[in-house]
Structure formats: structure tokens, C-alpha cells
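One structure is given here, and the rest of the page talks about it.
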Amino acid sequence: MSVQTIRNVFSVETGYRLSDDQIVNHFPNHYELTRKDLMVKNIKRYRKELEKEGSPLAEKDENGKYIYLDFVPVTFMLPADYNLFVEEFRKNPSSTWIMKPCGKAQGKGIFLINKLSQIKKWSRDSKTSSYKLGFCRFCTVKYTPSTSELDNMFVHLTNVAIQKHGDDYNHIHGGKWTVSNLRLYLESTRGKEVTNKLFDEIHWIIVQSLKAVAPVMNNDKHCFECYGYDIIIDDKLKPWLIEVNASPSLTSSTANDRILKYNLINDTLNIAVPNGEIPDCKWNKSPPKEVLGNYEVLYDEEMAQSDGPERDLRSRPGQSTGTKGNRGRDTGKPALTTWK
Ligand SMILES: Nc1ncnc2c1ncn2[C@@H]1O[C@H](COP(=O)(O)OP(=O)(O)O)[C@@H](O)[C@H]1O
Ligand SMILES: [Mg+2]
């Protein structure tokens, strides 16, 4: 069902009631995670709360930066945060900023700026509110920070919706690699250890982003969701969470794409509706290993409940929390069952 249909199903006015054998593929308020501005807001709130609780996860370094929870690019909501943005902009006047409408997708409405005058109109307060498997997407034009290429979206946006209009778009590979190819590439060029750490960190970010929205998400037993995570990896192999998509593209632009997405849909349905039986929203057990397909369990809330944030932190790749920091990577396998 589309996001809009699900909104209607759950709207008070329409008064629908789902029966136990009806399950749907979105949470009614998934936008808490999938709207760019709300995702950042929720992650900021989550960090503040952990900080208030004195959680070791919220520890900061000497510059006041979160040590473990710094995984979204510095973000401002305009026009509301315009003054804060200007302050930050002036600290580094030569940097480039990416401007994105909060509710659009596929690269629509995105542009880059390197001068404040380019967004002058946003200074006025206006009413406009404004899987193990996966793909990595590349630009068809080599990246350059040069300001002369600021308007060239083929350099900056990896969205296939954008790239396919470029002269150098390749219809065979579609500017994509499978994640396993990326892993092989990184293992051979950067080494196995840092590659493992990168993938562990990506999984950790996914878990933390979901924990950030857990308190605001309607936990409706009729709902499941297959989110598409956009992660950018920087030159130091640090992953950054860019956005989460509620309706990741399930159409295919290449043969590999078709295979991956077929398997993705198949595996997702196998988890949501085990054994192809009639759905039962009261069914509340962890799916057995055999039905997971290409999915791997990153987090099991039931198991985590017996533990606090310490477990989260201990499970974080390459991190040590003093005496307790004993990550399973040394033994070849993560020691924890709640996270991977
Ligand atoms: N902070 C960023 N730094 C560098 N590139 C970015 C950043 N944010 C987005 N991009 C690029 O722009 C693309 C589109 O941004 P995204 O937030 O995913 O919006 P959309 O909903 O339009 O896909 C990303 O896939 C990425 O290639
Ligand atoms: Mg995107």
C-alpha cells in the first residue's frame, strides 16, 4: 500500500479497523524517521535524552562533539534555524552546503550553495514548511569540490533518477555496485579490519536511528516497514546517515537490480508473513533463522530489555568503555546477541 493509502486507513475520520489477519507495509507515522527534518530532530532529541540520563553513549570529546552519536551531517532547518545556520556558515565561509526540501525524494529540489546570498529569501520567516544486500550508488562524473561545478547535479547527487539523464550513465550497471562488491573493493584497498568496522558502524547507525524514533512511533501491530537507508561513506571510511526512505524504489534499472529487489521483496514478505500463512498480527515471535533470507538480525528489543545503554555501547564497533569495553570482534564473532 502507498504511504497515502496507509495514512487514510489509520485516519480517525475514515474509521477503518484492521482485522488480525491484515497487516500493512508502513507505520502510519513513519515520517518521524523518513522526513529529513524530523529524522534529524528525533536523533537530536534522542542524544539529548541520553545525555540527561548520563548514558555513556552520549559522551562528548574535548571539542564538545558526541563521540559515538555523531553520525548525521551538521543540519539546520530553514528558515527556522536561519540565524544558527549563518553563525555556522561564517565559521567556515569557504565550505559548500547542500540544501534539500524536507519532504521530497529522488534528488528533487536539491541544490548546493557556497554564499549566503544564494538563500537570502529563506532568512525571512515564511510559512512555507517547507539489508546485507543493497546498492551503493555512484555519480557518473568524478567528484570535485570545485565551486564551478556547484550547479552540476551529476557531480553531487547519486540518485539514479538524476544520474540516468547524464551522458555517461551506463545502463548495464546503472552506476551501482552491490554492497558485497563494495565490501570486496574496500577489503582489498583499505583492509579487512577497517571494512568490518565500517559495516559494523553502519549497522549501529541503523539501530540507533530506530531507537531515536521508537518513543514517537505508533507501535501498531498491524504494521511492518522496509526502510531504505541512504548512507554516505567519507574518505576516512566514516559512515554518515543522510536519510531514510519509507518507499525505497522497488523498480529495477539493471538486471542485478531486478534480482536484488525480487529477493528483497520475497525475504521481507517471508518475515512479515512467515510460511506464507494467513497473516496474524498477534504473532509476536522472532522469525526463525530459516526465513530470514538475506536479512540479518541487528537488534532484538526483547533481549535488549534486560540490559541498558551499556550494551549498546559495548556493541559499538571499535569502541571501548573502560573496563567493560570488550567487543566480540577479537574473538571473531560479536559476543552480543542483541546487535548483529
Ligand atoms: N550531506 C551530504 N553530503 C554530500 N552529499 C549529499 C549529502 N546529502 C545528500 N547528498 C547527496 O544527494 C543525494 C540526495 O539526497 P537525499 O537526502 O538522499 O535526498 P532525496 O530524498 O532527494 O534522495 C544523496 O543520495 C547524496 O548523493
Ligand atoms: Mg535519497
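Owing to the predicted nature of the structure, the values given are computational and were not obtained by experimental measurement. Atoms within each ligand, like the ligands themselves, are counted from 1 in listed order. Below, each value reflects all heavy atoms present in this structure, side chains not excepted, and no hydrogens, waters or symmetry copies.
Looking only at its N/O/S atoms, Asp230 has OD2 as the one nearest to the Mg ion (ligand 2). Looking at Glu243 and the Mg ion (ligand 2) together, the shortest N, O or S contact belongs to OE2.
More than 12 heavy atoms of other residues, nucleotides or ligands sit less than 6.0 Å from atom CD of Glu187.
Atom 14 (C) of ligand 1 has its closest protein heavy atom at Asn159 OD1, 3.1 Å. Counting only heavy atoms of the protein, atom 12 (O) of ligand 1 lies nearest to Leu157 CD2, 3.0 Å. The protein non-hydrogen atom at the shortest distance from atom 8 (N) of ligand 1 is Lys100 NZ, 3.0 Å. If you check which protein heavy atom lies closest to atom 3 (N) of ligand 1, you get Ile232 CD1, 4.0 Å. Counting only heavy atoms of the protein, atom 16 (P) of ligand 1 lies nearest to Glu243 OE2, 3.5 Å. In terms of protein heavy-atom proximity, atom 10 (N) of ligand 1 is nearest to Ile98 CD1, 3.5 Å. The nearest protein atom to atom 19 (O) of ligand 1, hydrogens excluded, is given as Lys36 CE, 3.1 Å; this is a heavy-atom distance.
Ion pair Glu49/Arg45 flagged as a salt bridge, since at least one NZ, NE, NH1 or NH2 atom sits closer than 4.0 Å to an Asp/Glu carboxylate oxygen. The residues Lys48 and Glu51 are annotated as not salt-bridged, no charged nitrogen and carboxylate oxygen being separated by less than 4.0 angstrom.
At least one side-chain heavy atom of Phe10 sits under 4.5 Å from a side-chain heavy atom of Leu18. In this structure the side chain of Val213 reaches within 4.5 angstrom of the side chain of Val216, judged on heavy atoms. Within the 4.5 Å cutoff, the side chain of Ile113 has no heavy atoms near those of the Leu150 side chain.
Remark: among candidates Thr158, Ile231, Ile110, the nearest residue to atom 25 (O) of ligand 1 is Thr158, based on non-hydrogen atoms.
Between Gly107 and ligand 1, at least one pair of N/O atoms sits closer than 3.5 Å. Considering backbone and side-chain N/O of Gln106, one or more are found under 3.5 Å from N/O of ligand 1.
At a 4.0 Å heavy-atom cut-off, ligand 1 touches Lys104 through the backbone alone. Proximity of Asp230 to ligand 1, defined as any heavy-atom pair under 4.0 Å, is confined to the side chain (atoms from C-beta onward).
Side-chain contact annotation: Tyr295 with Thr268, donor-acceptor N/O pair under 3.5 Å present.
Residues Leu237 and Trp204 fall within the same hydrophobic cluster, defined by Ile, Leu, Val, Met, Phe, Trp and Tyr side chains chained together at heavy-atom separations under 4.5 Å. Two different hydrophobic clusters hold Ile232 and Leu112 under the rule that ILVMFWY side chains link at heavy-atom gaps under 4.5 Å.
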